[in-house]
Amino acid sequence: MTMDLDNSYAKLPEGFHARVEPATSAAPSLLAWNTDLAVELGLDSLAGDEVELARIFSGASRPAGIRPIALAYAGHQFGHFVPQLGDGRAALLGEVVTDAGRRFDIQLKGSGRTPYSRGGDGKSWLGPVLREYILSEAMHHLGIPTTRALAAVATGESVFRETALPGAVFTRVASSHLRVGTFEYFAARGNTDALRTLTDYAIARHYPEARSEAQPTVAFFRRVAERQAELVAGWMAVGFIHGVMNTDNTAISGETLDYGPAAFLDEFQFRKVFSSIDHQGRYAYANQMPIAQWNLARLAETLLLLCDARSEFETILSEFSVHYESCYLERMRPKLGLIQEDDGDADLIGDWLKYLQDHALDYTLSFRELATRIDTSDPARFGEFEGRWRQRVVDQAAELTEVRARMNSVNPVFIPRNHRIEQAIQEAVAGNLTTFRDLNKVLAHPFVEQPEYAQYAAAPIPSQRVTQTFCGT
Ligand code: AMP
Ligand code: MG
């Protein structure tokens, strides 16, 4: 089987990456293949031969000309700088360039040790693979920038964590794997030549328009900051908590990267944390905007080695929260049916969230329910807030049926709920992929009522609730 991949990153100087040999497994089997994405990438010719797909996307078989690499990076983890991280369990097979000229990394995750593995085994078990598969595809269908899932393969071998667990490999598609931590890697070594090369590469790959500006590096930083603001606003609007917003998990492209302990809110809570290792709530739901800003400040520090533009960087950083606020309002207004802008909108949105928190209401379901309350005279479901909101919505020059339809077009019925992901994983470990497949199917159309799958829309009952998530190692 042939797969025509470029690898522009492999052409960068030596210190940027290291050659890796993905581990081979004797009897890999295909758990999932994303046909639609394969078509978008022009990789659909691979489909059909499931045995060969399982071999390629577990690392057991290597199409001619493919020379996998692991990428070097550093990162601030929970605020502490680690000068050497890198792809410890991932192998970049290469890059697809689509007919439209867009370039995407094809990366195996969980394919074995690399020179950056430190003490780890470079492997992954089935749980994190299925989790990232479901979450990243759901995120895409919710309209939020993210890496994607092309394939999941069971290796047929055991991975040892606390117990023996079934091993698996995930194939991730990303518009690149450049992170804030990649810049920190070279900055920490004082290697300004490499940092310049990296910045030029990042600009060419993601923000080529920056090249024609007076200060391309500043323009680059501004674009990265804008994309982060848009990204975090998107997360907040769907109730997503990334969980481990370290600088090595902050993509320069503005895509959601790394779904370790990531989770969606059920009942609304500003301070919600799922990750088992986030004891201080550093990456709590409502902290994501200031953390993104903090991560951007780390990026700015590296770029200062290349250009003397401290005040420009500071201005961009201080404008970040303003830009974020406008992205956030742009996402939240239609969720509440606020079609014409009003100065009081931010307060109204804040009041709504406070109401949800005070009454421990489900974030996702409450928006759908609010849409049904638009023209009712029944007693209020959402207390005093409801009347105020209805007045605001009715005062607009818009038909109420139209407002409701617009609310429903941006408020998902289905999100990848934690307890369903856990269920899908537990069943898959026992050899049953039904829930995993159902979830992917349902979440491909998150805004559409699918009554036959109502159980996936429902909030967890107390006994189903998942309160903690774990890093995907
Ligand atoms: P993450 O928290 O998933 O973003 O991973 C942080 C760092 O730990 C990255 O450098 C990973 O490559 C590395 N890592 C995570 N799991 C493993 C593993 N099983 N083996 C080797 N390295 C790992
Ligand atoms: Mg990571």
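One-based numbering, in listed order, for ligands and for the atoms of each. Counting begins at 1 with the first residue of the sequence.
Smallest separation of non-hydrogen atoms from P416 and A138: CG-CB, 3.6 Å. Between P83 and A74 the shortest heavy-atom distance is O-CB, 3.2 Å.
Partner of T247 under the side-chain contact (heavy atoms from CB on, under 4.5 Å) criterion, chosen from E184, R179, Q77: E184. Put simply, the residue from R161, R113, R89 that forms a salt bridge (charged side-chain N to carboxylate O under 4.0 Å, His left out) with D121 is R161.
Between Y201 and Y9, the ring-plane angle classifies as perpendicular under the 30° and 60° cut-offs. Ring-plane geometry between F16 and F186 is classed as tilted, the angle between the planes lying from 30 to 60 degrees on a 0 to 90 degree scale.
Donor-acceptor pairing under 3.5 Å is recorded for the side chains of H177 and D105. For the 3.5 Å distance criterion, the side chains of H206 and S176 qualify, holding a donor opposite an acceptor. R148 and H140 share a side-chain donor-acceptor pair at under 3.5 Å.
Heavy atoms of C471 come nearer than 4.0 angstrom to ligand 1 in no pair at all. Heavy atoms of Y116 stay at 4.0 angstrom or farther from ligand 1.
Using a 4.0 Å cut-off to heavy atoms of R161, the atoms of ligand 1 that qualify are 19 (N). Close approach of ligand 1 to G120 is summarised as follows: ligand atoms under 4.0 Å from at least one heavy atom of the residue are 20 (N), 21 (C). Within ligand 1, counting atoms from 1 as listed, the ones closer than 4.0 Å to a heavy atom of K123 are 19 (N). Within the listing of ligand 1, atoms 4 (O) sit less than 4.0 angstrom from a heavy atom of N249. For ligand 1 and R118, the ligand atoms under 4.0 Å from any heavy atom of the residue are 7 (C), 8 (O), 10 (O), 13 (C). In summary, the atoms of ligand 1 found under 4.0 Å from a heavy atom of Q77, numbered by their order in the structure, are 6 (C).
Taking only nitrogen or oxygen atoms, main chain and side chain alike, D258 reaches within less than 3.5 Å of ligand 1. Considering backbone and side-chain N/O of G88, one or more are found under 3.5 Å from N/O of ligand 1. At under 3.5 Å, a nitrogen or oxygen of G122, whether backbone or side chain, sits near a nitrogen or oxygen of ligand 1.
Ring centroid separation for the pair F221 and F313 comes in under the 6.0 Å cut-off. Taking the six-membered ring where the residue is Trp, the centroids of Y73 and Y185 are separated by 6.0 Å or more.
When the heavy-atom distances from atom 17 (C) of ligand 1 to E132, R113, R89 are ranked, the shortest goes to R89.
Of all protein N, O or S atoms, those under 2.8 Å from the Mg ion (ligand 2) number 2.
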Donor-acceptor pairs under 3.5 angstrom involving side-chain atoms of residues 317-329: please list them, not counting sequence neighbours.
| residue | atom | partner | partner atom | Å |
| --- | --- | --- | --- | --- |
| S318 | OG | E314 | O | 3.3 |
| S318 | OG | T315 | O | 3.0 |
| S326 | OG | H323 | O | 3.1 |

